[in-house]
Protein chains: 2
Amino acid sequence: MDQAGEEQPLRAGSGEMSVGYKLRLAQITAYRGFEERVTGYGSAPRYLGLLMIIDANPGQPQSRLAEAVAVRRSSLVAILDTLEREGVVERRPSETDRRSKAVALTAKGRGVLADLLEAADAHEAALTAGLTEEERATLLSALDRVIANMRAAEGDALPPLATGAASAGRGAADS
Amino acid sequence: MDQAGEEQPLRAGSGEMSVGYKLRLAQITAYRGFEERVTGYGSAPRYLGLLMIIDANPGQPQSRLAEAVAVRRSSLVAILDTLEREGVVERRPSETDRRSKAVALTAKGRGVLADLLEAADAHEAALTAGLTEEERATLLSALDRVIANMRAAEGDALPPLATGAASAGRGAADS
DNA sequence: GTCGAATTGTTCGCCTTCGAACTATATGGA
DNA sequence: TCCATATAGTTCGAAGGCGAACAATTCGAC
């Protein structure tokens, strides 16, 4: 097997076949790869997903943005502080609810986002190199399903066994 | 599209179709879901992947373990400190290299791992609910490809690191 | 109307990770 | 042999996310 001078990666045991396991490794390596690839844009690359959502849904309150990117409300405060300081995002008081603030991209923010999306395209190609178009499509829809499953179970208590989850896939099932 | 007052999740724009984007959301929600599901095992659930690797490859030095779980060497120190304090893992001096330590599971650690793998099975079912067996297989192999792609590109394109090394980087092309 | 409950953004303390040092050991060439 | 260099584990400070609070505001039941 392995005894010569090799640099072979370690294997996990039986559980290596699990989606949860590979999901974690893939995300960590992919995220790092993107941040290494893109430099010179401040902290925007790290929060590209957030910028995309803000761009597509301007004027949303912070709590909805936080939920959309799977980050806690409290965490989003510092993130928006930074992005605002960098001139990418702006917070304005909501006109209908004096508690909330309407978040939107600045003009500079839209430019930064355009650049980042371009870089993300290149990264995406590197990520999915070697996959057929069909495999890539299945990967995307399967990830959608996983996200929907977890979102559906989010509030629920702790049923030790996953029930049928028949109701799960609302919202983002197919294209 | 949507403008009535419902609670529909926010959409991202064009970039929503990217693997990198969905990968992140899926991993965050899945990871949280598992930690919510399993309680009473200390910090072991969070490091299940590490425990699996240690179990499958006993006696490895920390640096290889760190690479295997995509965590920095320095981060692994505190992790192993905790797991050792909880009696799940043990560090022993390597017999061949006095710099390194051989990491292995304790008897208790093997028991904990068995329990966690069972819980992970249930979580896996919840994660992949609604996927056909074929879709799940494609998801797994596609994630493998993504991991391999990122590992292959890891060393490349980063000049400001090791000087004359020239050793790393090569060799993770196929799988 | 009024008052309790829910929601929004925020602050604070804790924990985790990272990157840059540092020490001890190993390795390979002059 | 000697010494430059690489590697293993560790420490330390910085950065970021989380959960628990909290004031301001809105909503809802009465």
Side-chain angles (χ1 to χ4, degrees), chain A residues 5 7 24 27-29 31-32 35-36 39 42-47 49-50 59-86 89-103 154-155, chain B residues 5 7 24-25 27-29 31-33 35-36 39 42-47 49-50 59-86 89-103 154-155 158 160-168:
Chain A
E7 302 293 325
R24 175 164 175 78
Q27 194 273 327
I28 293 179
T29 54
Y31 204 57
R32 274 192 199 153
E35 289 201 326
E36 284 173 8
T39 59
S43 53
R46 160 166 282 168
Y47 304 116
L50 174 62
Q60 290 293 322
Q62 300 180 192
S63 55
R64 298 212 23 147
L65 297 177
E67 185 192 8
V69 294
V71 160
R72 303 303 175 189
R73 289 197 321 282
S74 60
S75 308
L76 191 63
V77 174
I79 295 173
L80 289 181
D81 284 348
T82 302
L83 291 175
E84 205 169 23
R85 194 182 323 121
E86 294 174 356
V89 148
E90 67 177 351
R91 280 187 267 211
R92 299 186 327 185
S94 162
E95 300 178 2
T96 67
D97 188 333
R98 280 192 292 174
R99 292 171 301 178
S100 72
K101 305 184 176 176
V103 182
E154 195 162 345
Chain B
E7 301 294 323
R24 174 165 175 78
L25 272 185
Q27 195 272 326
I28 292 179
T29 54
Y31 204 58
R32 273 192 200 154
E35 288 201 328
E36 283 175 10
T39 59
S43 52
R46 160 167 282 169
Y47 304 117
L50 174 62
Q60 290 292 322
Q62 299 179 192
S63 54
R64 303 230 345 153
L65 297 177
E67 186 192 7
V69 295
V71 160
R72 303 302 175 189
R73 291 197 319 282
S74 60
S75 309
L76 192 63
V77 174
I79 295 173
L80 289 180
D81 285 348
T82 302
L83 291 175
E84 205 169 23
R85 193 182 324 121
E86 294 175 356
V89 148
E90 67 176 350
R91 281 188 266 210
R92 299 186 325 185
S94 162
E95 299 178 2
T96 67
D97 189 333
R98 279 193 292 174
R99 291 173 301 179
S100 73
K101 305 183 176 177
V103 182
E154 195 161 344
L158 281 186
L161 263 182
T163 52
S167 58

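Only this structure's heavy atoms are used, side chains among them; waters, hydrogens and symmetry mates stay out. A, B, ... follow the sequence lines: proteins, then strands. Residue 1 opens every chain.
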Shortest non-hydrogen contact between Pro45(B) and Gly42(B), atoms and distance = CD-O, 3.4 Å

Nearest-0.5 Å distance that lies between atom CD in Glu95(B) and atom OG in Ser100(B) | 10.5 Å

Could you state the CD-P distance from Glu35(A) to dA15(D), rounded to the nearest angstrom?
-> 15 Å

For Arg46(A) and for Pro61(B), find the nucleotide of DNA chain D with the closest heavy atom, then tell me which residue's nucleotide is more 5'.
-> Pro61(B)

If only side-chain N and O atoms of Gln62(B) are considered, is one of them under 4.0 Å from the OP1 or OP2 phosphate oxygen of dT7(D)?
-> no

Protein-nucleotides 1-6 of chain C N/O pairs under 3.5 Å:
none

Is there a donor-acceptor pair closer than 3.5 Å between any side-chain N or O of Arg32(B) and the backbone N or O of Ala70(A)?
-> yes

Let me know, please, whether Ile28(A) or Lys101(A) comes out on the 5' side of the other along DNA chain C by nearest nucleotide.
-> Lys101(A)

dC18(C) phosphate, OP1 or OP2: any side-chain N/O from Tyr31(A) under 4.0 angstrom?
-> no

Can you name the residues that form a side-chain hydrogen bond (donor to acceptor under 3.5 Å, both in side chains) with Arg99(B), not counting sequence neighbours?
-> Asp97(B)

Residues from residues 73-83 of chain A sitting under 4.0 Å of DNA chain C, heavy atoms only?
-> Arg73(A), Ser74(A), Val77(A)

Atom CZ of Arg73(B) and atom CG of Leu65(B): how far apart are they, to the nearest 0.5 Å?
-> 12.5 Å

Whole angstrom value for the distance that separates C1' of dT17(C) from OH of Tyr47(B) = 9 Å

Whole angstrom value for the distance that separates P of dA15(D) from CZ of Arg85(A) = 11 Å

Heavy-atom pair with the smallest gap, counting every atom of Val71(B) and Leu76(B) | CG1-N, 4.0 Å

Position toward the 5' end of DNA chain D (nearest nucleotide), Ala102(B) or Val71(A) | Ala102(B)

Within less than 4.0 Å of OP1 or OP2 of dC18(C), is there a side-chain N or O belonging to Arg32(A)?
-> yes

Within residues 90-98 of chain B, the residues having a heavy atom closer than 4.0 Å to DNA chain C are Asp97(B), Arg98(B)

Mind checking what makes side-chain contact (heavy atoms from CB on, under 4.5 Å) contact with Glu84(A), not counting sequence neighbours?
-> Arg91(A)

Applying side-chain contact (heavy atoms from CB on, under 4.5 Å), name anything that partners Arg98(B), two or more places apart in sequence or on another chain.
-> none

Taking all non-hydrogen atoms of both residues, which atom of Tyr31(B) and which atom of Arg46(B) are closest, and how far apart?
-> OH-O, 2.6 Å

Would one find a side-chain N or O of Ser63(B) under 4.0 angstrom from OP1 or OP2 of dG9(D)?
-> yes

Any side-chain heavy atom of Leu50(A) within less than 4.5 Å of one from Leu83(A)?
-> yes

When every non-hydrogen atom of Ala68(A) is compared with those of Leu25(B), the smallest separation belongs to O-CD2, 3.8 Å

Taking CZ from Arg72(A) and P from dG19(D), how many angstroms apart are they, rounded to a whole number?
-> 4 Å

Scan Leu80(A), Val69(A), Ile79(A) and name whichever one has a side chain to side chain contact (heavy atoms under 4.5 Å, CB included) with Tyr47(A).
-> Ile79(A)

Here the distance between atom P of dT17(C) and atom CD of Gln27(A), to the nearest Å, is 14 Å

